[in-house]
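Encoded as structure tokens, the structure appears first; notes follow it.
All chains are named by letter (A, B, ...) in the order of the sequence lines, taking the proteins before the strands, and each is independently numbered beginning at 1.
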Amino acid sequence: MAEKIMSSLVAERSSQTPVLPLRRRFNRRRLLGLSMAAVGTGLMSPLIGACRGAGEEPTATTAPSGPATTPAPASPAAAETPAATEAARYGGELVIANEQNPVSLDPHFVRDVGSSRAMFYMYDPLIKVNQDLDLEPWLAEQWEVTEDGMEYTLHLRKDVTFHDDTPFNAEAVKFNLERQWDDQTNTRYIDDFKRYVESIDVVDEYTVRITLKELFVLFPRELLAFGSGHMISPSAAQKLGQDFAQRPVGTGPFKFQEFVQDSHLLMVRNDNYWGGKPYLDSLRVRIIPEQNVQMVELEAGNVHVSFSVQAKDVSRLQSAGITVINQPVPTASWISYNLAKGPTRELAVRRAIALSVDREAIVREVLLGYGQVSRGGSPKGWPRYHEDIPIDPYDPEQAKRILDEAGWVVGPDGVRVRNGERLKVNILSTQLERGVSYGLMNQIIQQAVEKIGIETELRTLEWGAYLDEFRAGEWWHVTFHAQNANAKDLVGATIDPDAYWNVNQLGKVTEGELVEVANRVREIYRQMNQELDPQKRVDLWKEIQLLIQEYQLISWLIHWDFLVGVRPEVKDLVVKPVYSDTLYNVHRTWLEQG
Amino acid sequence: MGEYLVKRLLLAIPTVIGVVTLVFFAIHLAPGDPVALMIPPDLPAGIREEREAAIRARYGFDKPLHVQYLTYLGNIARLDLGRSLRTNARIIDELPQRFVNTLQLGILAMMVSTTLGVTLGVISAVKRGTWIDNATMFGALFGVSIPNFWFGLLLMLGVGLYWGVLPPSGFNGSILTWEGFRHAILPAITLGTGSAAILARFARSSVLDVIVQDYVRTARAKGLAERVVVLRHVLKNALIPIITLLGLQFGAVLSGAVVTETVFAWPGVGRYLITGINGRDFPVVQGTVIFIAIGFVLINLVTDLLYAYIDPRVRFR
Amino acid sequence: MVGDSALERGVTPIELAAMRPPRSEWRQAAARFASNRMATVGIAFLFVVALVAILAPLVARHDPNEQDLLARLKPPTAQHWFGTDELGRDVFARTVYGARYSLFIGIAGSMGGLLVGVSIGLLSGFFGGWVDQLTMRLIDIMLSFPGVLMAILIVSVLGPGLINIIVALTIWFTPTIARIMRGTVLVLKQQDFVEAARSSGAGNLRLMVRHLLPNALSPIIVYGTLSVATAILVAAGLSFLGLGVQPPTPEWGAMIGASRQYIREAPNATFFPGLAIFLTVLSLNFIGDALRDALDPRLNVWTASS
């Protein structure tokens, strides 16, 4: 199955039409998704990180395989140029554009997409999430999990050394994982490790046992495959202490050379890479915050890969000979309602708002077709996509009728009034851009609800203040939210009423039917956290999806496509937009010279 | 002069402490809790409070504000600006590089504005009343009236995106390298325009002041060529106030860099500050503002010294 | 973003004060001003801008906030004179309505600074003593922040928004104006007419309001005009940085900030609001220059630019 996706992706890249026609792609995704569901393999990472969702196989023991034994996907591009011999592939510098500086070059401090796209090439994770979002052996060539999901035994590769020649072994793993506990180091994973991990024991030189404190079905995915699962050299870390990030040492295919803030991160080939000598001489990540400028640099050939392509750029890039990969990613976006404050406590108001937004127009005019209307918060083809969950249509007339019936009648100035109270919602916004612009979407929502007779006030705050205001839940009633796939760390669709970031203030509801709804959601979350069977977790999440729909706890909007621009001279590049390194197996990527 | 220097430096100390105090309290009283941003979204109750407390303790946020303030003062005295809440990097490691980047841009911008401004100003004074003079002064008004972020965007659009001869934005290393220099041209022009306009007007009036003086008339009467008169007698004396203004303009240019750096994605102190503000990164904002304020105090001092040195009529007070 | 430093340091307050025209010369100054062609152009343009701001609903045929996703990022047409922006809003209507915000912020911000600054400067200069010392130290501290940085810091503490921008501008202008005013008052205090007034029994308040203030007006008028220009530029800059007025408010700087991402697709959406700022500020500078020439040709005051 994996091979199929991979080869179709590669075919997609090198085919005559660089972006696959939308319909064809959707059909393929749906087919894939259905067949996946049929065989019961978890395809997906959790769409919503915080709910322990589908797609985990904690009991599976995977056969040893790694990059050394798994050849790079057969590339039709390579087949087209048979003259490109193995030797001719060596050399060159691949330049990747990145919007932000990596937060840190120490993987244990990294949890954001911007960093993962820049710095993970210097490291290897214990377990990798591959481009199908399945778990794949990496530094741990195999692992076992006990029946109850509480104890993991990792068997490590024996042929790995760090860039500073420190051997990679069980002690190194223990050092790395215990580092996550350390209050002084205070990594980005400290909370998860303190909450879930009981102990890390060295069984023998190449075997490690991890005992959990609390069942966490996503443990390998979240904590062994992402930042905390990347191994840093214990000797370098001990020697450099907090300054390790200035001179990072890992095991990855590329070694740290230099990092100039806001300019570039330069990495050079690790000749002794256990997965085989990388083809590229070096890897340069250029920090280019301006989206427009990334496109210009891509067209000019100064950058080979950009992850910031927007729909508006596609035709221009294509005419410049640049391939645009449309990578399926379970993105999501929705309207959050404040269920505990203001008019949005009322179901009729939420329903009316949900019907007032023209999702089709957003997909067509803003995303220029590179996206889809959301059904239950999942794009087509992914396990959480269910045809029987209804989509909120665009029906402003129905929205007005609902409000009329609820007693909100249009007043002289066009604003609805009930018992002397004006129908007014406060919209919270920020300048963040995550696939779509928060500011743009909030303004679209603003106009949509004004059209059905609701007064609005929109307040834009910078991201930090936005989060404060959002979490406080005092002022706002409506706000737009979007998230990428691996969203555990983001203000995801955390419907869990007890979560710190509860997107709809469900936890604060004290009256009406929503109290009962909150309790049901709580109970489902509790079950999901304990559920080892991925299919059952999909089912449990579906219950929440139906509750969301019935009560409009949030209103799903659209999914945007993840577009990546790649120059034609880049060969065997595999994009994997979630978890750790965004370019999969970059040591197999090469540049056509000349 | 030594005494004067010491006196000026001593006077600067309360100013700097005042700045530190103002910034510290302003930021700490501002809404927005940095700790909230550091805690993962789905941490259950119980563990969450514990972690919040741990983070507060780690950064000293749990102590009363005046204790935090005194600690901070002590740290600054030891040149320790703390670590960024976001990246954990030592601020004192990052700021100087940022400052150097801003300085590079600032110096280039000053070169643009001085060359352009002084040349045009002098020409316009010498040719006063002609169309050249009018055009220059009109242009100078344009220069001070144009919003520089807009001007920058226009340059970026025209020269960078459409014409494509210069990189539209970004930073590519030191301006002493070719690539680095190319990236600095558009932002430097943007940043230097306003200053060039001010310098042109100032240079013009400064030259006009000198040109009516007796010794210039004498020089002319001696039959010296106009060019010699201007270059040797007029310029030399007119330059004194211009040089003073250069120092002041340099400070202004550095502060203007905040916006220009945002337009052109230039990694200087300005962008560092804006990022810090957006991330509620207290130590970064404090450190940057203090750094800049001290820089300003020093620039002013140097300007005053320079002025006193060049113009013997000014005595050290 | 050439700060205010040229203004506040290029000329000492003493010089400014010494150059003040006697009251009898006001009429001559007015005549000089009226004969300045650039000032006439400036006033005419500002008049148009003000008229457009007031009559915005009549001038613009579209609602400035009315979105039309089907007509996003369109170039100028007969329907949309300045084209449309990223939400399909009419850029002409937004620019027209934007005049209201930009003019209001500019005038309110500089007037706030004038009011507070003049009061502080007057009191401080008149009474002297430790109050004066303390005020001046505080002003030194405030002036040791580079101009725009000060405004950014204030807005980041207060939060973005129309009122907060005005507050930030007021705080920003205050120290400079206070300093100019104080210097002027210090000089005037020594002069005969003040002594004469005092000996004829004028109280402190009367002295300040009737005698000192009118005589210190000319630099304040010039600075006031130019500071409106500065205020408009700075407010636009702050809005551009996202620290200003809230979307979808059609403030010029905010419009540029929001549309700059689409500058390749729809340059019109950034071009026209920028042109509006530019021409308005230019007009103010024409007027300020003319005022300076009229009130005292030797006065060296430049506007700050953003």
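At most 12 non-hydrogen atoms from other residues, nucleotides or ligands lie less than 6.0 angstrom from CD of A:E360. Taking a 6.0 Å sphere around CZ of C:F45, one finds it holds more than 12 heavy atoms contributed by other residues, nucleotides or ligands.
In this structure, no portion of C:L73 lies under 4.5 Å from any heavy atom of chain A. For C:E265, the part sitting under 4.5 Å from any heavy atom of chain A is the side chain, from C-beta outward, and nothing else. Proximity to chain C is limited to the side chain of A:D313, based on heavy atoms less than 4.5 angstrom apart.
Taking the charged nitrogens against the carboxylate oxygens, A:K312 and C:E86 have no contact shorter than 4.0 Å, which rules out a salt bridge. In this structure, C:R264 pairs ionically with A:E299, as a charged nitrogen and a carboxylate oxygen lie closer than 4.0 Å. Ion pairing of C:R72 with A:E365 is absent here, as no side-chain N (NZ or NE/NH1/NH2) approaches a carboxylate O to less than 4.0 Å.
With hydrogens and angles left out, the side-chain atoms of A:Q443 and C:R89 include a donor and acceptor closer than 3.5 Å.
A:N292 places no side-chain N or O within 3.5 Å of a backbone atom of C:Y262 that could act as its donor or acceptor partner.
Interface remark: of the candidates A:R316, A:K451, A:R364, A:R316 forms the most heavy-atom pairs closer than 4.5 Å to chain C.
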| task | Give the C-alpha distance, both sets of side-chain angles, the deciding distance and a yes or no for side-chain contact (heavy atoms from CB on, under 4.5 Å) between A:V366 and C:L69. | result | CA-CA 7 Å; A:V366 178; C:L69 290 185; 4.1 Å; yes
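For C:R137, the salt bridge (Lys or Arg N to Asp or Glu O under 4.0 Å) criterion is met by C:D140, not counting sequence neighbours.
Looking at C:N65 and A:Q447, their side chains never come closer than 4.5 Å, going by heavy atoms from C-beta outward.
Considering CD of C:Q67 and CD of A:Q446, their distance stands at 7.5 Å, rounded to 0.5 Å.
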